[in-house]
Amino acid sequence: MCYSIGGACGKLGDYDKFMEYSKQGFNVALRIGDSRLTADSYEGLGGAYHSLCDYQKSIKCYKKAVDMYKQLNDEEGLGRCYGNMSLSYKKQGKYHDAIRLLEESLRIIVEIGKKENQASDLLNLGSIYAMLNDYDKAIEMFQKSLAISIEIGNKRLQARCYGSQGNVLFHYCNKYSEGIVYYQKCLDISKEIDDKQSQSVTLLNIGQCLTGLRRYEEAKKQYDISLALAKELNDKHNEAGIYHTMAINNICRNQIQTALTLLEKCLDIASTIGNKDLEGGACYKLGQVYYSLNKENQGHQACHVTDDNIAKSEEYLRRALDCYDFIFHHLHQRDQFKVSKFDTFIATYKFLAILLIETKRTQEALLVSDGGRARALGDRLIFKYGMIQQEYLSPRQLTYPDVEGILTNDGFSLLHYSLLSDSLAVWVLAKDSLMFRETEKEQFDSAMETLTEEKKDGDENSIKRFFTATVSRAYEMMKIQESVTCENRSLDDCVTSKDHVTTKASESLSRDDGTSEESLDKASHPLETLYNCLVAPVLSEVQHDEIVIVPDGPMYRVPFAALRDPNTAGQYLSDTKRIRLAPSIAILKTLNECPVNHHSQKGALIVGDPSVGEVMFRGKKRTFARLPSAGTEVRVISYKLGQAALTGEEATKDAVLHRLQEGSAVIHIAAHGSSDNGEIALAPNVSPERQGIPEEDDYLLKMREVQSIGIKAQLVVLSCCYSGRGEIRAEGMVGLSRAFLAAGARSVVASLWAIDDTVTLCFMLKFYGYLTRGDSASVSLHKAMLDIRTEEGQRDPKYRDPKYWAPFFLIGDDVTLSL
């Protein structure tokens with residue numbers, strides 16, 4: 001009876017009574033020795049502690065209940081407990097554990113047919129996907145939950161579904177008006193069933209939408225009502241969130257001192273209840289506010305206050321990064337979620353780097369900037385290479401002596417770029433040398449005006465947009481977006497016509513920056529513009545023949561080899577320098593410290609022209625054409641390396657997985673590949689049991705499968721269309737090349753765009769020719785590029801154009817193979 005009354009009090013928002021009755025029920029259960037009642041009581045206590053934001057005790061109680069439900073063979077209680085326990089993990093930012101428990105709960109609940117619990121689990125799972133920026137998956141979960149909720153007539157769940165869909169529209173898509181529509185549906189139902197907790201949350205969300213629409217006074221009214229309800233319910237989590245959003249509202253109205261008070265209240269509650277997401281957000285916002293106060297005080301020459309504000313800003317920003325580290329580590333090896341979540345963290349890294357640069361601490365700024373690069377990839381590799389034995393342990397943070405250690409062999413100079421809000425920062429590093437240079441936004445103004453008809457003053461993304469537009473214009477002037485005579489080896493959405501290729505990747509290169517054809521003609525060549533912005537200011541500091549570049553954002557699409565010096569009759573950067581990319585300095589350190597025997601020293605896995613045929617792809621039938629040029633390519637490489645190639649029907653998914661498990665020093669793939677998610681289409685597995693059209697699992701090689709096996713290759717060569725392309729995220733370029741690095745490859749050669757089949761074959765022959773003679777991958781790539789320009793250029797002058805020789809790049813380590 002006490003268990004039921006306590007649960008009812010919880011639904012009514014009376015959490016103190018919820019706890020009181022739960023404890024009474026628990027004591028009764030212990031006294032009479034009833035195992036089932038004791039299990040129920042532990043579950044009730046778990047819910048009560050959760051309601052009071054004591055998540056650690058909540059989890060302990062749920063675990064006790066789980067153990068007892070297992071002994072009682074109570075599947076329903078077990079599934080219910082898993083689902084409820086996941087919410088406490090979610091509140092702590094332990095999303096890996098939350099997802100794991102919800103998936104297990106769903107499996108049980110579906111089996112026993114409890115639709116209400118199924119709808120609840122789907123809803124909660126969707127909310128975690130949304131927090132991890134996987135919006136498509138989140139919407140899918142919400143819609144499934146809503147359909148079940150309507151079917152069973154559960155108003156409470158319907159309200160939460162509408163509210164959750166509003167969250168995606170507002171929090172993650174910035175669609176304020178559309179979000180209010182869904183929130184209003186949620187609010188109407190919440191009032192109808194007298195759910196005060198839901199009303200409080202929904203009013204908060206409506207207020208945030210109104211703030212986004214700059215209707216600040218209306219937003220304040222919503223916040224006040226929401227806060228009163230949260231306090232009435234003693235809902236500390238929601239109360240902290242309200243203080244945070246009220247602070248933002250006050251910042252927008254320039255009421256800074258009020259905002260500081262509200263943010264400190266938010267931080268106090270968030271740290272008390274252990275909500276790392278909210279704590280990190282409050283610290284980041286406090287760091288911003290104190291930084292802005294510093295700027296304001298500088299104008300009034302209040303130096304003693306200025307120093308104090310800068311110190312506070314740095315303290316809060318570093319504390320925010322600690323919170324993000326906690327969240328990151330508790331995602332374990334869920335790489336896709338780490339990539340998504342990092343998009344929301346990167347602003348703090350950038351902001352702290354700016355602060356450190358302004359206070360003349362360029363070494364520290366470099367470490368912070370690098371910490372905001374390829375973070376998920378770095379964690380993955382450290383675990384992959386056995387440098388930490390448990391996936392939940394925290395890798396040691398990069399130090400400046402670590403950076404110096406990477407450069408001790410004196411073999412290359414390193415350029416680390418960072419796109420900040422108002423400047424481009426670059427660090428030039430070599431053995432015993434560090435040079436820092438910052439180019440302010442104003443110095444880009446003249447170049448930016450040639451690219452865009454509309455100049456947006458005060459737009460903090462203008463520099464990023466400048467580089468995106470300049471790269472796009474470079475591609476356009478090289479005419480690489482036009483159809484080329486080559487096979488379409490891209491898995492991305494495409495339309496093929498005879499031997500020409502037009503793909504989503506090439507279409508994305510079309511002009512979208514507002515540049516007119518007239519201004520295009522008047523502007524300097526974009527390859528020269530990029531040279532002047534990225535290379536010219538620092539080239540005198542580069543001491544070596546090889547440059548290792550750590551790019552930022554749109555720079556991943558820059559064909560660095562083709563950057564042209566306008567002051568030397570069009571000399572390309574690759575005329576004097578070899579170029580290699582690295583996702584981060586920390587990744588270079590990991591590759592350097594990887595045990596020598598981890599990667600294979602011999603053998604090659606050569607895959608080309610798989611016979612895919614008719615298959616199910618993304619829910620539709622599709623027939624993948626054969627790739628005869630890819631077949632020719634791998635046969636020639638096979639002969640050169642003295643290794644048999646897998647082609648046609650032999651290139652099955654099972655065969656490739658088996659060969660990957662055996663290990664090879666080199667992997668060469670010429671097949672249909674996706675730059676979006678790293679999938680590669682192979683010949684379907686053959687088995688007597690399989691009937692009908694092959695499904696994706698039968699033929700698509702997915703990176704999660706490769707990662708689970710692990711790649712031991714020192715070098716992977718991806719001879720697929722746009723294999724070096726991908727989505728630009730805070731993590732870096734997320735595509736096919738990153739996927740193979742994450743799987744364990746030491747280095748990857750890929751292409752930014754598609755070129756003619758004859759040139760691709762010629763390039764690969766020259767590249768492998770130098771590689772088999774003992775040259776490193778970097779040297780081999782460099783020589784192959786020059787050969788295309790010179791030797792092939794003598795035969796046909798068109799091959800001197802960067803369009804034909806500049807798309808290839810090497811990312812990762814520089815390996816030398818014994819083939």
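When a residue number appears, it is its place in the shown sequence, counting from 1. Both backbone and side-chain heavy atoms feed into the values below; hydrogens, waters and symmetry mates do not.
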Is the shortest heavy-atom distance from the side chain of [X] to the side chain of [Y] under 4.5 Å?
X    : Y    : result
D775 : H782 : no
L752 : Y475 : yes
F467 : C533 : yes
I680 : V656 : no
S747 : L591 : no
V368 : L317 : no
R738 : L377 : yes
L367 : V403 : yes

Under the criterion side-chain contact (heavy atoms from CB on, under 4.5 Å), I'd like the reasoning laid out for D325 against R375: C-alpha separation, chi angles, the key distance, then a yes or no.
CA-CA 10 Å; D325 283 342; R375 177 63 188 277; 2.9 Å; yes

Any side-chain to backbone donor/acceptor pair from [X] onto [Y]? Under 3.5 Å, distance only.
X    : Y    : value
T590 : A586 : yes
R659 : A604 : yes
S574 : A561 : yes
S584 : G371 : no
S751 : W753 : yes
D814 : S776 : no
Q601 : H599 : yes
E314 : L352 : no
Y417 : L534 : yes
S369 : A365 : no

ring-ring contact (aromatic ring centres under 6.0 Å, His included) contacts touching residues 554-578 (sequence neighbours left out):
Y572-W805

Do [Y] and [X] meet the salt-bridge criterion of a basic N to acidic O distance under 4.0 Å?
X    : Y    : result
D756 : K803 : no
E792 : R795 : yes
E791 : K766 : yes
D552 : R373 : yes

So how far is it from [X] [atom1] to [Y] [atom2], rounded to the nearest 0.5 Å?
X    : Y    : atom1 : atom2 : answer
F808 : M764 : CZ    : CE    : 5.0 Å
L741 : I711 : CG    : CD1   : 9.5 Å
L419 : F466 : CG    : CZ    : 10.5 Å
F763 : L761 : CZ    : CG    : 12.0 Å
L588 : L398 : CG    : CG    : 10.0 Å
H544 : K431 : NE2   : NZ    : 8.5 Å

Start with the C-alpha distance between L434 and E404, add both sets of side-chain angles, then the distance that settles side-chain contact (heavy atoms from CB on, under 4.5 Å), and finish with yes or no.
CA-CA 10 Å; L434 168 65; E404 292 176 315; over 6 Å; no

Could you go through T399 and D402, starting from their C-alpha distance and side-chain angles, then the distance that decides it, and tell me whether this counts as side chain to side chain donor-acceptor pair (under 3.5 Å)?
CA-CA 5 Å; T399 65; D402 292 331; 3.0 Å; yes

For D813, which residues count as a salt bridge (charged side-chain N to carboxylate O under 4.0 Å, His left out) partner, sequence neighbours excluded?
R746

Under a plain distance cut-off of 3.5 Å, with no hydrogens placed, do H668 and E633 share a side-chain donor-acceptor pair?
yes

Take V428 and R437 through the test side-chain contact (heavy atoms from CB on, under 4.5 Å) and record every step on the way to the result.
CA-CA 8 Å; V428 185; R437 181 183 177 90; over 6 Å; no

Taking atom OH of Y639 as the centre, report whether more than 12 heavy atoms of other residues, nucleotides or ligands fall under 6.0 Å from it.
no

With S413 as partner, the option from E541, E546, Q543, M435 fulfilling side-chain contact (heavy atoms from CB on, under 4.5 Å) is Q543

